[in-house]
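Labels below follow one simple rule: chain letters A, B, ... track the order of the sequence lines, proteins then strands, and each chain is numbered from 1.
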There are 2 protein chains.
Amino acid sequence: MNMTAPKETRNTRQRNLILDCLKEHCDSHMTVDEIFALLKDKGHDVGIATVYRNLKSLEDQGLIEKVYISGGAAPCYKMLDETAGNKHTHHHMICRNCGAIADFDEDLLDAIEKIVLVTKDFTVTDHRLSFYGVCGKCSKK
Amino acid sequence: MNMTAPKETRNTRQRNLILDCLKEHCDSHMTVDEIFALLKDKGHDVGIATVYRNLKSLEDQGLIEKVYISGGAAPCYKMLDETAGNKHTHHHMICRNCGAIADFDEDLLDAIEKIVLVTKDFTVTDHRLSFYGVCGKCSKK
DNA sequence: ATCGGTGCAAAGGTTTTGCAGGATT
DNA sequence: AATCCTGCAAAACCTTTGCACCGAT
C-alpha cells in the first residue's frame, strides 16, 4: 500500500533562478529581500510569494539552510554544501565592522561535545557556532 | 561643549515588571508573547508596545540579550548575567525532543579562537555557540 | 491530462510609530 | 517643570494563503 505518495518537485524557471542567486552568493547569506531584489535587477519578474514558497520547499529538501544571525532581524538563506551530511561542519565569522559573513569549514568542536556529554548529561547531535570580531580587511584599515 | 546629552533611563513600573519576568526565567529564554502573557496573568496591564520598547532599550543598555534560536522563528530575550563582561561566557544546550534550553557556563573556545586568528586572519571578540541534542531527562525515557 | 507551481491580492501576524495623557526625575 | 514613558490605535512590515490560470511531467 502506498502510504504517502512521494510528492514530486518540479523544475521550474523560478526555482532555478532562486537557486542560481544563492549559488552566486554561496560564500555568504542572502535575505529574502536581497534575493527578490537581485531577481528584479536581472529583469526576472518573480512574485515575492513564489520566492517565499520556493525557499521553504528548498529548505525542506535540505538544499538550502535558513540562518538567524544573532542580533540581526532578517532570516538569511544560503546554499547547503552538498558534501555536508546531516551534521553541521562549518561555523560563521561575522565582522563587527563591515558585516561580512565568512565560513569556517573545519569542525573543531568534537572534544568540547564530549565534555558536554560527560559533565552535563546532554547528548549533542548538532551545533551552531558563530564568531564575532574584526576581519583581516577591516583590521588593516 | 555637551556633545550628546546622556539620555537618562527612567525606572518605571513597566520596565521593572519586564525585568522581573526575565529574572524569574533567568535560566531560559522568553519570547515577546510569553513576557506579555505572563504580565497579563499576573494582573498587570502593560501595552504590547511598551513591552517592545522596553525590550529594545534594555537590549541597548546591555541588560538583556536577544537570541535567535536557529530554525525557530520568534526571537527570544533573556537576562544577561551581570557578572559577565562584554564577552560571552556561556553557551546553549537545546533539546531536540522537549525544547528545553539550558546554559553551559564554561567557556571552552579560547583555543579555537586562537586557531581562527592564525589560520583565518580574523580577530574574534565574541562568539555564540548552541548545542542541539537530547537532554538527560529525555534520553532516559 | 494531471497536478504542482505561479502571480496576484487579500489576510494574518508581528513590530513600530504618532499622539495625547501620565509618571518619573 | 521638564522630559521621558505609556497606552491606544493606526501604520508599516513581513510572511502566508486562496484562487484562477499556467506550465512541467
Under the side-chain contact (heavy atoms from CB on, under 4.5 Å) test against A/F36, which residue among A/I18, A/V51, A/T31 passes? A/V51
Are OP1 or OP2 of C/dT6 and a side-chain N or O of A/T12 less than 4.0 angstrom apart? yes
For atom CZ of B/R15 and atom C1' of C/dG22, their distance in whole Å: 18 Å
Walk me through it: do B/I48 and B/V32 pass the test side chain to side chain contact (heavy atoms under 4.5 Å, CB included)? CA-CA 9 Å; B/I48 186 73; B/V32 177; 4.0 Å; yes
Can you check whether B/L55's main-chain N or O pairs, donor with acceptor, with B/E59's side chain at less than 3.5 Å? no
Mind calculating the distance between CD1 (A/I48) and P (D/dC14) to the nearest angstrom? 9 Å
Starting at the 5' end of DNA chain C, which residue's closest nucleotide do you reach first, B/R13 or B/K56? B/K56
Heavy-atom donor-acceptor pair, A/R53 side-chain to C/dG7 base, under 3.5 Å: yes
Tell me: NE2 of B/H44 to P of C/dA23, nearest whole Å? 16 Å
Given side chains that start at C-beta, do those of B/E34 and B/L38 come closer than 4.5 Å, heavy atoms only? no
Separation of A/L58 atom CG from C/dG5 atom P, in whole Å? 11 Å
Looking at A/Q14, I'd like to know whether one of its side-chain N or O atoms comes within less than 4.0 Å of OP1 or OP2 on C/dG7. yes
Taking atom C1' of C/dT24 as reference, at what distance in whole Å does atom CG of B/N16 sit? 12 Å
Of the listed D/dT25, D/dC5, D/dT15, the closest approach to the A/N11 side chain comes from D/dT25
With no angle test and no hydrogens, is the base of C/dC3 tied to the side chain of A/R10 by a donor-acceptor pair under 3.5 Å? yes
So does A/T50 get a side-chain nitrogen or oxygen closer than 4.0 Å to the phosphate oxygens (OP1/OP2) of C/dG7? yes
About how many Å separate CG of B/L22 and OH of B/Y77, when rounded to the nearest 0.5 Å? 10.0 Å
Check the pair A/R15, A/T50 against side chain to side chain contact (heavy atoms under 4.5 Å, CB included), reporting the backbone distance first and the verdict last. CA-CA 8 Å; A/R15 184 171 185 275; A/T50 300; over 6 Å; no
Within-4.5 Å side-chain heavy-atom neighbours: A/Q61 and A/T9: yes
In whole angstrom, give the distance that lies between atom CG of A/N54 and atom C1' of D/dT16. 14 Å
When you measure from every atom of DNA chain C, which of residues 31-42 of chain A have a heavy atom less than 4.0 Å away? none
Rounded to the Å, how far apart are B/D45 CG and C/dG22 P? 17 Å
